[in-house]
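Atom set for the values below is all heavy atoms of this structure, side chains included, hydrogens, waters and symmetry mates excluded.
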Amino acid sequence: MIEILTFALRAGTDVERFMTVDSRVQAEFAYQQPGLARRTTGRNTDGRWLVLQVWSSEEAATAARTAFEACELGVEFGSLIHPDDVHRECFTGID
């Protein structure tokens, strides 16, 4: 399962701080989750962000998302992004 999260940062959020927190999410949380094959973050020229994650199953993604929302690092990450500008899409891999 491929999960794509797009969002904007909250007004006034320091980009360097966000990037530091995102790096911590990747190293300290994401790759510790069962079923995660790949995670990457990107940014476009309009200031929108993307997190792309490839999971072994929808169940693995759901379990990780639930754990992330409840952990301190997840709360910190969430505090940096604009809550009304978060879009999540899931796709089934075909290759």
inquiry  = side chain to side chain contact (heavy atoms under 4.5 Å, CB included), that's the test. Do Leu5 and Gln53 meet it? Break it down for me.
reply    = CA-CA 8 Å; Leu5 183 70; Gln53 299 180 116; over 6 Å; no

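The backbone N or O of Thr62 lies less than 3.5 Å from a partner atom in the side chain of Thr66, making a donor-acceptor pair. Asn44 places a side-chain N or O within 3.5 Å of a backbone atom of Asp46 that can act as its donor or acceptor partner.
Distance check: Ser79 OG to Arg10 CZ gives 7.0 Å after rounding to the nearest 0.5 Å. Rounded to the nearest 0.5 Å, atoms CG (Asp22) and CZ (Arg43) are 12.0 Å apart. Taking NE2 from His82 and OG1 from Thr13, the interatomic distance works out to 9.5 Å, rounded to the nearest 0.5 Å.
Placement of Val15 and Phe77 within a single hydrophobic cluster is found when ILVMFWY residues are connected by side-chain heavy-atom separations under 4.5 Å, directly or transitively. Ile2 is not connected to Trp49 by any chain of hydrophobic side-chain contacts under 4.5 Å among Ile, Leu, Val, Met, Phe, Trp and Tyr, and they are in different clusters. Taken together through direct or relayed side-chain contacts under 4.5 Å among Ile, Leu, Val, Met, Phe, Trp and Tyr, Phe18 and Leu50 form parts of separate hydrophobic clusters. Hydrophobic clustering (ILVMFWY, side-chain heavy atoms < 4.5 Å, transitive): Leu52 and Phe91 are in one cluster. When the side chains of ILVMFWY residues are joined at heavy-atom separations under 4.5 Å, either directly or via intervening members, Val21 and Met19 end up in a single hydrophobic cluster.
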Got a list of side-chain donor-acceptor pairs under 3.5 Å for residues 25-33, not counting sequence neighbours?
{"unit_1": "Gln26", "atom_1": "OE1", "unit_2": "Arg39", "atom_2": "NH1", "d": "2.9"}
{"unit_1": "Glu28", "atom_1": "OE1", "unit_2": "Arg24", "atom_2": "NE", "d": "3.4"}
{"unit_1": "Glu28", "atom_1": "OE1", "unit_2": "Arg24", "atom_2": "NH2", "d": "3.2"}
{"unit_1": "Glu28", "atom_1": "OE2", "unit_2": "Arg24", "atom_2": "NE", "d": "3.1"}
{"unit_1": "Tyr31", "atom_1": "OH", "unit_2": "Arg39", "atom_2": "N", "d": "2.8"}
{"unit_1": "Tyr31", "atom_1": "OH", "unit_2": "Arg39", "atom_2": "O", "d": "3.3"}
{"unit_1": "Gln32", "atom_1": "NE2", "unit_2": "Ala27", "atom_2": "O", "d": "3.1"}
{"unit_1": "Gln33", "atom_1": "NE2", "unit_2": "Phe29", "atom_2": "O", "d": "3.1"}

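Between Ile4 and His87, every side-chain heavy-atom pair lies at or beyond the 4.5 Å cut-off. Side-chain contact between Thr40 and Val51: absent, with no pair of heavy atoms (C-beta onward) separated by less than 4.5 Å. Between Leu80 and Arg17, the closest side-chain pair of non-hydrogen atoms falls below 4.5 Å. Side-chain contact between Phe7 and Ile81 is present, with heavy atoms from C-beta onward closer than 4.5 Å.
Judged as a salt bridge (Lys or Arg N to Asp or Glu O under 4.0 Å), the pairs with a partner in residues 53-72 (not counting sequence neighbours) are, in order, Glu3-Arg65.
The nearest pair of heavy atoms linking Gly35 to Ala60 is CA-CB, 4.2 Å.
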